[in-house]
S.K.: 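Let me begin by handing over the structure; questions about it come next.
Counting starts at 1 for both ligands and their atoms, in listed order. For the numbers below, each heavy atom of this structure counts, side chains included, while hydrogens, waters and symmetry mates do not. The chain is numbered in sequence order, starting from 1.
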Amino acid sequence: MTLSSSMLAMEISAPGGPDVLKPVSLPVPVPGHGQIIVRLAYAGVNRPDALQRAGSYAPPASASPLPGLEGAGTVVAMGPGVNRWQIGDKVCALFPGGAYAEYAACHESHALRIPADLPLREAACLPETCFTVWSNIVMRGKLKAGERFLVHGGSSGIGTTAVQIAKALGARVFATAGSDEKCRVVESLGAERCFNYRTEDFGDEAKKLGGFGLILDMVGGPYLPRNVKALADDGRLVQIAFLQGPKVELNFAEMMMRRLTLTGSTLRPQSDQAKATIAAEVEANVWPMIARGAFRVVIDSEYPLSEAPTAHWRLESSGHVGKIVLQVEGI
Ligand SMILES: NC(=O)c1ccc[n+]([C@@H]2O[C@H](COP(=O)([O-])OP(=O)(O)OC[C@H]3O[C@@H](n4cnc5c(N)ncnc54)[C@H](OP(=O)(O)O)[C@@H]3O)[C@@H](O)[C@H]2O)c1
């Protein structure tokens with residue numbers, strides 16, 4: 001297959017608001033050892049892209065400085081040592097960066113087959129959210145069937161994914177979201193109750209229920225002590241972001257007296273091997289959920305790659321429910 005030598009990409013021209021995302025022509029990446037090049041049809045938009053754009057989430061030194069952590073398309077080139085894929089295979093993949101572009105490079109073990117013949121548009125929205133949710137609620141959070149699970153930001157890309165995966169695992173699922181309308185959508189995805197955090201206190205509900213076995217939180221700040229109170233004995237709090245800040249005063253005695261676990265992780269800086277392990281677990285456990293209809297991708301809106309700034313305005317307005325996707329092929 002002959003590749004063009006240059007490609008369209010959206011770069012972060014300077015740290016700032018959505019309008020700093022600018023179209024640029026760049027050389028097509030060259031695959032390193034164990035890497036594949038994917039010609040992207042679609043790329044998913046995630047909150048970490050907006051944080052990187054604003055200058056508060058630097059990419060790892062080895063990653064492309066372009067934004068874009070996930071996408072789906074066709075394998076068009078392979079570096080030495082690749083044996084999982086053939087040229088022409090359709091894949092969705094987790095990228096260390098660079099997916100706001102026509103071509104992007106990733107490790108071969110971070111690409112997955114398209115599950116259940118899903119359209120590429122939907123498959124593009126799976127890797128970043130599924131890797132994050134699976135690794136944090138199952139591998140780290142040890143969610144068990146029958147346990148009460150609470151996810152904050154239930155209508156987000158992460159939230160809509162966590163609700164459905166936890167439900168498919170047999171947990172009793174609860175969530176918070178910022179409006180009654182969002183809460184009803186989250187409940188339609190399998191949450192027993194979604195609390196509108198602007199009008200309801202999830203802590204009151206936690207008391208009535210006897211506490212949550214696991215909480216997945218992206219809010220932080222004042223939510224930290226409230227989350228600790230809302231955990232059941234032996235409960236786990238897994239932190240994946242701090243939308244309201246990472247610093248807070250906390251009485252840790254409760255952690256000791258009630259045997260709580262406070263933990264968290266970020267996906268992007270983890271090693272290739274760690275991401276490969278997560279990829280294999282996602283393919284083995286989440287892809288069958290999609291095949292049997294227990295999990296569907298919730299897409300809020302789609303924009304051409306060149307309209308990435310509008311996609312970021314939409315993300316940061318918090319008006320969205322589920323995922324925002326960029327169309328890359330055919331632009
Ligand atoms: N650790 C990792 O590896 C990792 C990986 C991917 C994403 N993340 C993080 O996970 C979060 C979700 O990512 P995403 O891409 O799905 O972004 P997103 O769709 O923009 O989600 C952000 C959500 O936070 C909600 N929110 C804001 N304040 C809240 C509050 N006080 N209580 C409850 N919900 C609140 C917003 O909904 P409302 O406005 O309705 O409240 C929105 O749904 C982001 O913070 C992102 O940085 C972490």
Side-chain angles (χ1 to χ4, degrees), residues 18 43-54 56-57 59-60 67-70 94-97 99 124-137 139-141 150-165 174-186 189 191 194-203 215-224 226-227 230 237-246 263-270 274-275 278 282 297-301 311-326:
V45 175
N46 293 282
R47 183 68 64 148
D49 308 345
L51 297 175
Q52 180 182 341
R53 188 211 69 224
S56 48
Y57 188 43
L69 300 172
E70 64 182 359
L94 182 79
F95 296 93
C125 298
L126 289 169
E128 172 72 10
T129 31
C130 288
F131 280 46
T132 300
V133 167
W134 186 266
S135 61
N136 283 293
I137 73 172
M139 297 167 78
R140 190 162 294 274
L150 173 71
V151 56
H152 292 295
S155 63
S156 64
I158 291 284
T160 53
T161 301
V163 164
Q164 296 181 83
I165 290 180
F174 300 83
T176 61
S179 73
D180 288 346
E181 294 71 34
K182 286 182 176 183
C183 284
R184 298 299 82 81
V185 177
V186 174
L189 294 172
C194 179
F195 313 113
N196 179 346
Y197 66 82
R198 296 183 203 279
T199 56
E200 293 173 279
D201 183 346
F202 68 86
I215 299 178
L216 182 68
D217 184 38
M218 57 190 74
V219 181
Y223 271 40
L224 266 160
R226 294 174 66 193
N227 282 334
L237 169 62
V238 182
Q239 207 68 47
I240 55 165
F242 290 98
L243 288 166
Q244 292 189 13
T263 180
S265 75
T266 55
L267 181 61
R268 199 176 188 185
Q270 293 188 45
K275 291 178 189 172
I278 299 169
V282 165
V297 182
V298 178
I299 294 194
D300 174 81
S301 46
H312 276 216
W313 284 115
R314 173 88 186 143
L315 183 82
E316 291 181 312
S317 74
S318 269
H320 65 294
V321 173
K323 300 280 301 199
I324 298 170
V325 67
L326 299 172

S.K.: For a side chain to side chain contact (heavy atoms under 4.5 Å, CB included) check, start with the C-alpha distance between V298 and Q164, then their side-chain angles and the critical distance, and finish with the verdict.
M.R.: CA-CA 10 Å; V298 178; Q164 296 181 83; 4.1 Å; yes
S.K.: Considering heavy atoms of the protein only, find what lies nearest to atom 32 (N) of ligand 1 and give residue, atom and distance to 0.1 Å.
M.R.: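 Residue, atom and distance for the closest contact: Y223 OH, 3.0 Å.
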S.K.: Test your reading of the structure: does T176 have an N or O sitting under 3.5 Å from an N or O of ligand 1?
M.R.: no
S.K.: Polar contacts were defined as any N/O atom of the residue lying under 3.5 Å from an N/O atom of the ligand; does this apply to S265 and ligand 1?
M.R.: yes
S.K.: Relative to the heavy atoms of E128, which atoms of ligand 1 are at a distance of less than 4.0 Å?
M.R.: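 Listed by number with element: 5 (C), 6 (C).
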S.K.: Provide the closest heavy-atom pair for Q244 versus G220 in the form atom of the first, atom of the second, distance.
M.R.: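 Taking every non-hydrogen atom into account, CB-O, 4.3 Å.
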S.K.: Looking only at heavy atoms, is any part of L243 under 4.0 Å from ligand 1, and if so is it the side chain, the backbone, or both, or is it neither?
M.R.: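 Under 4.0 Å from ligand 1, L243 contributes side-chain atoms alone.
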S.K.: Of the backbone atoms (N, CA, C, O) and the side-chain heavy atoms from C-beta on, which set of V219 has a member under 4.0 Å from an atom of ligand 1: side chain, backbone, both, or neither?
M.R.: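 For V219, only side-chain atoms sit under 4.0 Å from ligand 1.
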S.K.: For atom 46 (C) of ligand 1, find the nearest protein heavy atom and state the residue, atom name and distance (0.1 Å precision).
M.R.: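 Result for atom 46 (C) of ligand 1: R47 CB, 3.6 Å.
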S.K.: For atom 25 (C) of ligand 1, state which one of G153, P222, S135 supplies the nearest heavy atom.
M.R.: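 Ranked by closest heavy atom to atom 25 (C) of ligand 1, first place is G153.
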S.K.: Say you draw a straight line from OH of Y197 to CZ of R226; how long is it, rounded to the nearest 0.5 Å?
M.R.: 11.0 Å
S.K.: Please state which protein non-hydrogen atom is closest to atom 8 (N) of ligand 1 and give its distance, to 0.1 Å?
M.R.: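 Nearest protein contact, heavy atoms only, for atom 8 (N) of ligand 1 is I240 O, 4.0 Å.
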S.K.: Tell me whether ligand 1 is touched by E316 - counting only heavy atoms on the residue side and a distance under 4.0 Å.
M.R.: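 No, E316 has no heavy atom closer than 4.0 Å to ligand 1.
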S.K.: Can you list the atoms of ligand 1 that are under 4.0 Å from a heavy atom of K182?
M.R.: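 Under 4.0 Å from K182, ligand 1 has these atoms: 37 (O), 38 (P), 39 (O), 40 (O).
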S.K.: Could you check atom 11 (C) of ligand 1 against the protein and tell me its nearest heavy-atom contact, residue, atom and distance included?
M.R.: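 Here the nearest protein heavy atom works out to M218 SD, 3.5 Å.
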S.K.: Of the side chain and backbone of R268, name the one, both, or neither that has a heavy atom under 4.0 Å from an atom of ligand 1.
M.R.: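 Looking at R268 and ligand 1, no heavy atom falls under 4.0 Å.
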S.K.: Does ligand 1 have an atom that lies less than 4.0 angstrom from a heavy atom of F131?
M.R.: no
S.K.: Answer yes or no: is there a side-chain heavy-atom contact under 4.5 Å between R47 and S156?
M.R.: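 Counting from C-beta outward, R47 and S156 never come under 4.5 Å.
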S.K.: Backbone or side chain, does any N or O of I158 fall under 3.5 Å from an N or O of ligand 1?
M.R.: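 Yes, since at least one N or O of I158 sits under 3.5 Å from an N or O of ligand 1.
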S.K.: Check whether any side-chain N or O of E200 sits under 3.5 Å from a backbone N or O of F195 as a donor-acceptor pair, and report yes or no.
M.R.: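 The answer is no, because no donor-acceptor pair under 3.5 Å joins these two groups.
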S.K.: Taking D300 for its side chain and V321 for its backbone only, find out whether a donor-acceptor pair lies under 3.5 Å.
M.R.: yes
S.K.: Return a yes/no value for L315: is any of its N or O atoms, backbone included, closer than 3.5 angstrom to an N or O of ligand 1?
M.R.: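 No, since none of the N or O atoms of L315 sits under 3.5 Å from an N or O of ligand 1.
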S.K.: So if I apply the side-chain contact (heavy atoms from CB on, under 4.5 Å) rule between C130 and each of I278, L94, T161, V297, which one comes out positive?
M.R.: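 Only one option passes, and that is T161.
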S.K.: Could an N or O of ligand 1 be found under 3.5 Å from any N or O of Y197, whether backbone or side chain?
M.R.: yes
S.K.: Please round to the nearest 0.5 Å and tell me the distance separating atom NE2 of H152 and atom CG of L243.
M.R.: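 Between atom NE2 of H152 and atom CG of L243 there are 11.5 Å.
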S.K.: Scan I324, V325, L315 and name whichever one has a side-chain contact (heavy atoms from CB on, under 4.5 Å) with S301.
M.R.: I324
S.K.: Between atom CD1 of I240 and atom CG of N136, what is the distance when rounded to the nearest 0.5 Å?
M.R.: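 That separation rounds to 6.0 Å.
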S.K.: Which of the numbered atoms in ligand 1 are under 4.0 angstrom from any heavy atom belonging to N46?
M.R.: 15 (O)
S.K.: Within this structure, what is the CG-NZ distance for the pair L126 and K323, rounded to the nearest 0.5 Å?
M.R.: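 So the gap between those two atoms works out to 8.0 Å.
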S.K.: Any atoms of ligand 1 less than 4.0 Å from a non-hydrogen atom of L267? List them with their elements.
M.R.: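 Those atoms are 2 (C), 3 (O).
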S.K.: Is it the case that T129 and N46 place a side-chain donor and acceptor less than 3.5 Å from each other?
M.R.: no
S.K.: Please confirm whether S318 comes within less than 3.5 Å of ligand 1 when only nitrogen or oxygen atoms on both sides are compared.
M.R.: yes
S.K.: Could you tell me whether some N/O pair between V45 and ligand 1 is separated by less than 3.5 angstrom?
M.R.: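 No; every N/O pair is 3.5 Å or more apart.
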S.K.: May I ask which of G44, G157, G322, S156 has a heavy atom nearer to atom 43 (O) of ligand 1 than the others do?
M.R.: S156
S.K.: Hey, which atoms in ligand 1 end up nearer than 4.0 Å to a heavy atom of A241?
M.R.: 9 (C), 45 (O), 47 (O)
S.K.: Does ligand 1 have an atom under 4.0 Å from some heavy atom of Q244?
M.R.: yes
S.K.: Considering all heavy atoms of both residues, which atom of I137 and which atom of A162 are nearest to each other, and what is their separation?
M.R.: CD1-O, 4.5 Å
S.K.: Please list the nearest protein heavy atom to atom 19 (O) of ligand 1 with its residue and the distance rounded to 0.1 Å.
M.R.: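 Atom 19 (O) of ligand 1 sits closest to the protein heavy atom H320 NE2, 2.7 Å.
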S.K.: Do me a favour and list the nearest non-hydrogen protein atom to atom 4 (C) of ligand 1 with residue, atom name and distance?
M.R.: T132 CG2, 3.7 Å
S.K.: Identify the heavy atoms of K182 and S155 that sit nearest to each other, and give their distance.
M.R.: CD-OG, 3.3 Å
S.K.: Measure the acute angle between the ring planes of F202 and Y223, then classify it against the limits of 30° and 60° as parallel, tilted or perpendicular.
M.R.: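 Correct class here is tilted.
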S.K.: Just verifying a value: how many Å separate I165 CD1 and L189 CG, rounded to the nearest 0.5 Å?
M.R.: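 These two atoms lie 12.0 Å from each other.
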S.K.: Mark up the atoms of ligand 1 that fall under 4.0 Å of a heavy atom belonging to S155, in ascending order.
M.R.: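 Taking each heavy atom of S155 in turn, ligand 1 has 43 (O) under 4.0 Å.
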